[in-house]
Structure formats: structure tokens, C-alpha cells
Enquirer: 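Below you will find the structure I want to go over with you.
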2 protein chains.
Amino acid sequence: MLDMRRMQILRAVVSSGSVTAAARHLGYTPSAVSQQMAALEKEAGTPLLERTGRGVRPTDAGLLLADCATTIGRHVAQAETALADLRAGRTGRISVRYFATAGARLVAPALARLRSEHPGVQAELRLTDPDDPLPEVKAGRTDAALVVRRHDAPPVDGIRFVHLLDDRYRAVLPRAHPLAARPALRLTDLAEEPLVGSELPGPCLDAVLDACGSAGFTPDFVVDSGDYATAQGFVAAGVGVALVPEMGLLAPSASDGHPELAVREVHDPEPVRSIWAAVRATAPEGPVLRGFLGALRGVASQAQAGGADPA
Amino acid sequence: MLDMRRMQILRAVVSSGSVTAAARHLGYTPSAVSQQMAALEKEAGTPLLERTGRGVRPTDAGLLLADCATTIGRHVAQAETALADLRAGRTGRISVRYFATAGARLVAPALARLRSEHPGVQAELRLTDPDDPLPEVKAGRTDAALVVRRHDAPPVDGIRFVHLLDDRYRAVLPRAHPLAARPALRLTDLAEEPLVGSELPGPCLDAVLDACGSAGFTPDFVVDSGDYATAQGFVAAGVGVALVPEMGLLAPSASDGHPELAVREVHDPEPVRSIWAAVRATAPEGPVLRGFLGALRGVASQAQAGGADPA
DNA sequence: CCCAGGATGTAGTTCTACTTAAGGCTGGCT
DNA sequence: AGCCAGCCTTAAGTAGAACTACATCCTGGG
């Protein structure tokens with residue numbers, strides 16, 4: 001097997017035309033270069049240099065190997081720059097799993113921000129509903145997943161959770177509903193109302209059920225729609241009232257809402273779902289993943305601020 | 001600088017998915033592989049493998065470097081096969097300098113024979129008249145040169161001479177010439193004849209002059225043509241008689257000669273020019289050059305035999 | 001709860017790569 | 001012709017790299 005190190009030395013010898021010059025150029029003694037050339041000739045099984053009194057001349061085989069060394073050296077240099085690009089975040093790939101309402105309001109702007117900082121990064125997005133993305137994260141099949149999760153949920157082994165925002169639920173009512181006259185509601189105000197369910201069993205629905213439970217009632221779901229948009233359609237049609245997290249609202253701000261819908265804050269208690277980013281605990285955090293998490297946090301804090309005091 | 005050796009080990013680790021398996025595959029202990037990977041990670045400045053309880057998984061950078069290692073390994077393998085081809089004579093290049101009469105009768109058939117044995121060999125032929133090819137050979141600008149040279153000529157430093165054949169001179173006469181009646185001539189028979197010179201000053205002409213000198217006369221050149229074909233034209237036109245080496249004869253055999261020319265052997269003494277191949281003494285004789293010299297010798301001995309007893 | 005399999009440290013050995021020092025060769029100079 | 005300078009090589013010795021053996025730690029499964 002040919003040794004690359006020696007082939008690079010051969011290249012220096014051939015290009016400079018003498019062992020001594022190559023040694024000077026490489027910072028070695030001529031003896032070292034000479035020995036390496038002898039070893040390479042033994043490896044190659046054929047003479048590579050011809051001693052010509054003053055200096056050496058490459059033999060045909062020597063010229064061939066020197067040429068090969070040049071192209072291989074170029075490839076190694078390419079590998080090095082590719083590695084440097086990867087380390088600096090100029091290139092890279094990130095795989096993200098997200099759930100429906102997080103896509104438009106969190107992942108999309110975060111990725112836009114990431115790609116403005118790191119234009120060469122490729123992203124692979126995948127909607128994870130209704131599967132649990134955590135095994136994917138743990139197995140390394142994806143780099144990050146957005147999940148809804150209680151603050152007091154037990155830690156998951158091998159996964160690190162980064163808190164992004166607390167997504168507060170709002171009451172969505174028909175504009176003509178008597179409760180819509182009030183600027184804000186108490187959760188118990190909805191105890192007797194027919195509710196339009198918008199969530200499948202899972203942490204989101206749990207957040208609602210927990211809040212209602214601590215308010216002392218069990219919500220009366222008259223319809224179960226699988227998603228927030230459909231639920232709000234039911235509300236507009238007068239079927240009932242819905243509890244929808246801010247990120248799921250059709251009209252993000254309460255002021256310029258849907259013509260037939262009213263959105264009101266809910267308190268005592270305010271149902272909240274916590275949104276987290278889940279990353280593998282053992283993952284070496286490269287610039288790309290770090291940048292993406294930072295972008296997510298930035299987008300989330302803006303969203304929280306914008307939602308907290310509606311303009 | 002990335003170390004190729006370690007990158008190949010990384011490739012084995014990535015492809016087998018575990019340090020231990022790679023070690024088994026490479027004939028090392030797991031510890032050795034682990035240490036090399038740690039060293040490579042330090043070189044790369046970034047983690048390349050992620051420890052996942054059971055086994056290791058390559059990180060993005062690790063995958064990148066492993067891919068690069070694969071392509072580089074392929075290039076090294078290509079270099080090795082190219083070298084093997086060169087060593088086996090399947091490829092190669094040979095540069096030959098020759099003089100006019102040697103071209104058709106020696107070099108061409110020898111090269112044909114060489115290329116039938118080594119089809120991939122490229123040849124670079126160059127007519128060397130009237131320059132001296134020996135400096136070219138000595139400087140390595142050409143691999144072999146055909147030269148005419150006396151047997152007792154002094155050795156030339158750094159050049160090895162391989163004897164190919166002794167090219168005997170024949171008398172070329174008009175068919176009607178009185179001497180043409182004899183089956184063979186003595187050199188002194190030509191002492192009084194008008195001679196057509198066919199050679200420029202040099203070793204060929206020297207051979208003729210030497211023979212005539214030892215026969216006791218100085219040839220009387222009435223015309224000086226530069227080449228054998230022209231000289232024989234002069235003879236056919238009746239201008240005189242010519243001494244032409246066998247390889248320079250228009251009709252190689254005496255029996256089926258030119259309609260107006262007679263070719264007769266000359267003895268006492270018979271002028272002879274010796275044809276040699278000159279190669280660099282320090283040149284490592286590869287299969288191509290060795291094959292070419294062998295082919296030359298083979299062709300020459302056939303020519304000598306064919307000329308010695310004309311069928 | 002222990003065990004098998006894997007990865008990684010540590011100490012020691014072997015091998016490689018380099019240096020220093022000396023020798024041999026070539027080519028040019030005087 | 002003879003000396004000298006430059007270059008390549010060999011020999012011996014040394015520093016460092018690479019590998020092994022052994023011990024330890026961790027993980028996943030019975």
C-alpha cells in the first residue's frame with residue numbers, strides 16, 4: 001500500500017528536482033527525505049528517482065506517482081475546506097420534526113433567520129403528527145423536534161429540552177355570543193358552554209383538561225375537530241365555543257379578527273401549553289444546530305411578546 | 001493537516017458502525033482504533049463520532065470525512081493500478097532516435113514487435129540526422145538511440161551500447177558493368193572505378209574509408225549524393241559504382257534486384273558498419289525499454305541472417 | 001440485578017521518522 | 001591533473017508515534 005505522506009514528499013522532490021531542495025522546502029534534512037524515498041521505492045517495487053550526479057531525475061514511475069500525489073493532495077485540501085465549511089456553519093444539514101401549529105409560526109421564521117445567517121445550510125423538515133418524535137431524536141434520525149410538554153414532566157433520558165414559549169389559550173366565541181361582550185373571561189365562564197374540541201388526546205389537550213379541572217369543571221365537548229382551524233370554523237357556524245392556543249388562532253391579534261369571531265383572554269386559570277425544542281443530549285452541538293436553536297428562541301420570544309400585549 | 005491513514009481508519013469505523021468491528025476488520029485492537037479516532041478528532045477540531053451506548057455513530061463531520069476518505073482511497077487505488085500497469089509494461093512510453101536507413105529496416109519492425117507484446121506502450125520516434133543523439137540519451141531526453149559506431153570506439157561515459165548487427169557493404173554496379181559478371185568482388189577491384197559517394201562524413205563513411213585504406217587505395221568519389229537511394233539512382237544512370245550497406249540497398253536480395261543494377265558482395269576486406277543501440281547507463285531498465293531492446297536484437301539477427309545467405 | 005458487549009483510558013513495547021555524523025560520487029574550478 | 005563544493009546516501013542514535021495488554025466505565029438486555 002502506498003503511503004500518502006511519502007508520496008507528498010516525492011512530489012516535493014520531483015517538483016524541486018533535488019532531494020536537498022525538497023528537504024529545505026519541507027523543513028527536513030536531506031537524509032530524512034532520502035530515506036523516505038528509499039522506503040517509497042521499496043513500497044512501489046520500482047525505482048522512482050534516478051541519481052544523476054548532480055540532483056535526481058524522476059523516472060517514469062516517479063513522475064506518475066508524483067502526478068497522482070498532486071491530485072490526491074488536491075482532494076485532501078478539498079476535504080479540509082469542506083470540513084472547515086462545516087465547522088464554520090457555511091454548509092450543513094439540519095433535520096427538524098415539528099407539529100402542525102408550530103410550523104408556520106415558529107419553524108418557518110426560525111429557519112428563515114438561520115438561513116440568512118448560514119445560507120449554505122440545507123434543512124429537512126417533517127411534520128411529526130401524530131407520532132412521538134422523541135424516539136427519532138434519541139436515535140439520531142432527526143436533529144431537533146418541537147414538542148408540547150408540561151413544565152413538570154419527567155426528564156427523558158438522552159434528550160435535552162429547550163424551552164421556547166408558553167402558548168396561552170384564548171376563548172374563541174361567535175361575535176354575537178353574550179360572553180363576547182366582556183374584554184376577558186374567567187375559565188369557569190365556559191363551564192356551561194358547549195365546547196368545540198380542537199385537539200386529539202395528548203399534551204395539548206391535557207393542558208386544557210388540567211386547567212378546567214383546577215377550575216373545578218369538566219369541559220363539555222360537543223364536537224371534536226382535529227385541528228384549530230376547523231374548530232374555529234365550527235365556532236363561526238355557531239356550534240359552540242373553542243379554546244385555542246394563540247399560535248392556533250386564525251387571526252393572531254384579537255383586534256383585527258375574523259368578522260364573525262371574537263377572541264378573548266381567559267384567566268383563573270389561563271390554560272397554557274409549553275412548547276419545547278428537543279435535541280439529543282449527546283449530540284455535539286455544531287454551529288448549525290446552535291444557530292437554529294437560537295433562532296427558535298428568538299422567534300419564540302418575539303411571538304410571546306407580541307401575543308402578550310396585543311397592539 | 002489531515003492524516004490519510006487515520007481517515008481510512010475512520011472510514012472503516014463508519015462503515016462498520018463500531019470501533020471494535022473496525023478493529024477486527026483492520027487487524028488492530030479496539031484501543032488502537034479508538035486512539036486514532038481521538039487523534040483525528042483533535043486534528044479535525046470537531047467531534048467525528050458520537051458515542052451511543054452501544055457502538056458509535058458518525059457525526060456530520062465524520063460522515064463528510066469518511067466520504068472524502070473513500071474518494072481519496074479510490075484515487076490511491078487508481079495510482080496503484082497505474083503503477084502496476086507501468087511496472088508490467090502494460091502502459092509506458094519510449095522515446096527513440098534513429099538514423100534514416102535504420103528506420104524502416106530496424107526500428108519499425110522492432111516497434112511492431114514491441115507493441116504486439118505491450119499494446120499500451122506509446123512510442124515517440126525521431127530522426128536524428130544529422131545531430132549526434134548521444135547527448136540526448138545522456139541527458140535523458142530520449143530513452144534509446146540507434147547509432148553507427150566502430151567496434152573499437154572508446155566507451156562514452158554514462159552510455160551503454162548494445163550491439164545489434166554488422167551491416168556489410170555491397171558493390172552496386174550497372175548490370176552491364178564488366179565487374180558484374182563476377183559473383184563477388186575484391187575491394188581493390190573498385191580502386192580504379194569512379195565511385196558514387198552516398199554518405200556524409202561520419203562513422204558510416206569512415207567504415208568505407210577505413211576498408212579502402214587497409215586495401216591500399218583512396219576511393220575516387222566522382223559524385224557525392226547524401227543518401228543511398230539517390231546513389232543507386234546515379235549508378236543506374238551509369239555515373240559510376242557505389243558501396244552501399246545492405247540495409248541501404250533498394251533491393252535487399254541480390255537475386256531479384258533492380259532491373260538495371262547488379263549487387264555483388266565485396267571481400268578482402270569487406271567494409272562493414274556496426275549498428276548499436278545506445279541507452280543511458282544509469283537508466284533503470286523497465287519492461288518497455290528491455291522489450292524494445294530485445295525486439296531490436298531479434299529483428300537485427302533476422303536481418304543479419306537473411307542478408308548473410310541470400311535465398 | 002447481574003452480565004455481555006463495547007468504548008476508552010494507562011502503561012509499556014515496538015516500530016517509524018527524524019537528526020547527526022560520516023562517506024562516496026559528480027562536476028566544475030584552478 | 002587535482003582539489004573543492006554540492007549532493008545523495010548510509011549508519012547510528014533518539015524522539016515520538018502507533019499498537020498491545022490490561023483495567024475501567026458505560027449501556028442494554030436477560
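What you see below is based on every heavy atom in this structure, not just the backbone, and it leaves out hydrogens, waters and symmetry mates.
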Enquirer: Could you tell me which non-hydrogen atom of A61(A) sits nearest to which non-hydrogen atom of L83(B), and how far apart they are?
Expert: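 Minimum heavy-atom contact is CB-CD1, 3.8 Å.
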
Enquirer: When you check the gap from the basic side-chain N to the acidic O, do R6(B) and E43(B) get nearer than 4.0 Å?
Expert: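 Salt bridge: yes.
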
Enquirer: Using whole Å, what does the distance between atom C1' of nucleotide dA17(C) and atom CG of L26(A) come to?
Expert: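 Checked: the CG to C1' distance equals 13 Å.
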
Enquirer: What's the CG-P distance between L10(A) and dC8(D), to the nearest Å?
Expert: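 Rounded to the whole Å, the gap is 14 Å.
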
Enquirer: Within the structure shown, what part of the strands sits under 4.0 Å from S18(A) by heavy-atom distance: base, sugar-phosphate, or nothing?
Expert: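 Here S18(A) touches the backbone only, sparing every base.
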
Enquirer: Is there a side-chain polar atom (N or O) of R6(A) under 4.0 Å from OP1 or OP2 of dA17(C)?
Expert: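 Looking at the OP1 and OP2 atoms of dA17(C), one of them is under 4.0 Å from a side-chain N or O of R6(A).
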
Enquirer: Quick check: any donor-acceptor pair below 3.5 Å linking the side-chain of T29(B) to the base of dA21(D)?
Expert: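 Side chain to base: no pair below 3.5 Å.
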
Enquirer: Go nucleotide by nucleotide along DNA chain C from the 5' end; which of Y28(A) and T52(A) gets its closest nucleotide reached first?
Expert: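 Going by which nucleotide is closer to the 5' end, it is Y28(A).
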
Enquirer: Quick one: the side chain of S31(A) and the base of dT20(C), do they pair up donor-acceptor inside 3.5 Å?
Expert: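 It does, because a donor-acceptor pair links the side chain of S31(A) to the base of dT20(C) below 3.5 Å.
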
Enquirer: Return yes if a side-chain donor-acceptor contact under 3.5 Å exists between R57(B) and T282(A), otherwise no.
Expert: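 No - no donor-acceptor pair under 3.5 Å links their side chains.
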
Enquirer: Measure from CG on D157(B) to C1' on dC25(C) and round the result to the nearest Å.
Expert: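 Taking CG of D157(B) and C1' of dC25(C), I get 12 Å after rounding.
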
Enquirer: Return no unless some side-chain N or O of R5(B) is found under 4.0 Å from OP1 or OP2 of dC19(D).
Expert: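 Affirmative; the distance criterion is met.
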
Enquirer: One thing to verify: whether R160(A) and E285(A) come together as a salt bridge, which I'm taking to mean a side-chain N less than 4.0 angstrom from a carboxylate O.
Expert: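 The answer is yes: the pair qualifies as a salt bridge.
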
Enquirer: Counting only side-chain nitrogens and oxygens, does R54(A) get under 4.0 Å of the OP1 or OP2 atom of dC8(D)?
Expert: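 R54(A) to dC8(D) OP1/OP2: no side-chain N or O under 4.0 Å.
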
Enquirer: Under a 4.0 Å N-O cut-off, is there an ion pair linking R150(A) with D210(A)?
Expert: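 Yes, this pair counts.
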
Enquirer: Starting at atom CE of M37(B), determine the distance to atom P of dA18(D), rounded to an integer number of angstrom.
Expert: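 Value for this atom pair: 11 Å.
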
Enquirer: By nearest atom, which of the nucleotides dC19(D), dT8(C), dG6(C) is closest to the T20(B) side chain?
Expert: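 Ranking dC19(D), dT8(C), dG6(C) by closest atom to the T20(B) side chain puts dG6(C) first.
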
Enquirer: Could you state the atom-to-atom distance from CG of L40(B) to P of dT8(C) in whole Å?
Expert: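 Roughly 13 Å, once rounded to whole Å.
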
Enquirer: Contact class for G158(A) vs. all strands (heavy atom < 4.0 Å): base, sugar-phosphate, or nothing?
Expert: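 Answer is nothing: G158(A) stays at 4.0 Å or more from every strand.
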
Enquirer: From CZ of R57(B) over to C1' of dG28(D), roughly how many Å is that when rounded to an integer?
Expert: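 Rounding to the nearest Å, CZ of R57(B) and C1' of dG28(D) are 16 Å apart.
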
Enquirer: Would you indicate which nucleotide in dA17(C), dT20(D), dT8(C) comes nearest to any side-chain atom of D3(A)?
Expert: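 Closest nucleotide among those given: dA17(C).
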
Enquirer: Could you check I9(A) against L49(B) and say which one's nearest nucleotide on DNA chain C is further toward the 5' end?
Expert: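 Final value for this comparison: L49(B).
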
Enquirer: Over how many whole Å does the gap from E41(A) atom CD to dT10(D) atom C1' extend?
Expert: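 Going from CD in E41(A) over to C1' in dT10(D) covers 15 Å.
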
Enquirer: May I ask you to say what Q35(A) touches in the nucleic acid, namely base, sugar-phosphate or nothing, with a heavy-atom cut-off under 4.0 Å?
Expert: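 Base, at least one base heavy atom under 4.0 Å.
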
Enquirer: For R51(B) and dT27(D), give me the distance from atom CZ to atom P, rounded to whole Å.
Expert: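 The distance from CZ of R51(B) to P of dT27(D) comes to 13 Å, rounded to the nearest Å.
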
